[in-house]
Amino acid sequence: IQEQRRRRQQVDNVCKLHSSKLFAQNMSLAHLSFIPQYNLLYCRIQKSGTTNWIKGTFERLAPTLGLKEYSSQSRATKLAYFEVENMEKWNQIVEGDPVSFVNVRHPFERLVSGYLDKAPGGEYGGWKDKTFPQFVNIVLMQAKRKQDMKYTGIDVHWRPYNAHCFFCNVKYTVISKMETYNEDKRRFLEMVGLEEEDENERMHVHGGDQITELTKELFKSLSKEDKTELANLYRYELDLFDYDPFLY
């Protein structure tokens, strides 16, 4: 509880410092999922535990929510059940004071996770032979496209967090970190009267000590200039969640 208080305070402090940049006049609702039966709001950040929720928690809840054949449906169909359709609906949700959850991780580890899946992992066919510096070059080129703080020119799997979850607009009840993911998620589910089924389930997430070591190794191949540009691209989330920009 004390750690959650500290994390929320850190977000509040950074929001006060950079409100003109981070407070969105027109926030996107595309990454928000809401389950009214539990007054549960979840913000999805790709490469940060999202699949665990969609294929794990949501799938387990589906029968009690009257959703038949949920497990065999496409990802888009699964998400459609819980989407926040418009601002009117959003305002109603906020008035109901939902219990809200978001999970973050060091942005450089998330970037490496995205690289491993999309390039050597083969999910983006044409990228299979790209080295990590080549991949980073693409990311930085995407970041240079003229755009606002929603970063629509950047691939969603490494787009800065605030463009997903608007941390200065939404006061999250629980800010989870990948380092404490299982414990954070269990506590959050307890708050809405649910139990976590598999405490160690982390689906489709490169996590733990392995990703830390891989990130260290891959970041050795980057130039100082590239590291500086990445730290600049992700500067707000490094600040918001108190991550060390020089860790890698």
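In this chain, residues are counted from 1 in sequence order.
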Going through the checks in order, is the side chain to side chain donor-acceptor pair (under 3.5 Å) test met by Q142 and Y151? CA-CA 9 Å; Q142 290 177 352; Y151 295 105; over 6 Å; no
Close aromatic pair by centroid cut-off 6.0 Å: [X] and [Y]:
| X | Y | value |
| --- | --- | --- |
| Y248 | H106 | yes |
| F58 | F82 | yes |
| F101 | Y172 | no |

Tell me if a side-chain donor or acceptor on [X] pairs with a main-chain N or O of [Y] at a distance below 3.5 Å.
| X | Y | value |
| --- | --- | --- |
| S48 | I45 | no |
| N169 | M27 | no |
| N91 | M87 | yes |
| R110 | Q46 | yes |
| R6 | E3 | no |
| K150 | A163 | no |
| S113 | E109 | no |

Test side chain to side chain contact (heavy atoms under 4.5 Å, CB included) on T57 and F188 and set out the steps. CA-CA 12 Å; T57 308; F188 172 73; over 6 Å; no
Should K171 and D12 count as an ion pair when the cut-off is N to O under 4.0 Å?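 A salt bridge links K171 with D12.
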Closer than 4.0 angstrom, basic N to acidic O: yes or no for E190 and R187?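 Here E190 does not pair with R187 in a salt bridge, since their nearest N and O are not under 4.0 Å apart.
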Let's go through T180 and R7 carefully: what are the C-alpha distance in whole Å and the side-chain angles of both, what is the deciding distance for side chain to side chain contact (heavy atoms under 4.5 Å, CB included) to 0.1 Å, and is it a yes or a no? CA-CA 12 Å; T180 54; R7 290 178 189 177; 3.0 Å; yes
Measure the CZ-CG distance between R105 and L111 for me, rounded to the nearest 0.5 Å.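 Reported to 0.5 Å precision, the distance equals 10.5 Å.
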For the hydrophobic clusters of this structure (ILVMFWY residues joined by side-chain heavy atoms under 4.5 Å, transitively), does one cluster hold both L214 and V139?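 Yes, L214 and V139 fall within the same hydrophobic cluster.
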Is D184 close to I175 at the side-chain level, that is, under 4.5 Å between some pair of heavy atoms?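 When only atoms from C-beta onward are counted, D184 and I175 do not touch, as no gap falls below 4.5 Å.
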F219 vs F108, test: ring pair (Phe, Tyr, Trp, His ring centres under 6.0 Å). Steps then yes/no. CA-CA 9 Å; F219 263 67; F108 295 168; 4.9 Å; yes
Only one of F135, Y234, Y115 passes ring pair (Phe, Tyr, Trp, His ring centres under 6.0 Å) with W158; say which it is.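 Among F135, Y234, Y115, the one that satisfies the ring pair (Phe, Tyr, Trp, His ring centres under 6.0 Å) with W158 is F135.
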Does the side chain to side chain donor-acceptor pair (under 3.5 Å) test come out yes or no for T77 and S74, once each step is laid out? CA-CA 5 Å; T77 304; S74 71; 2.9 Å; yes
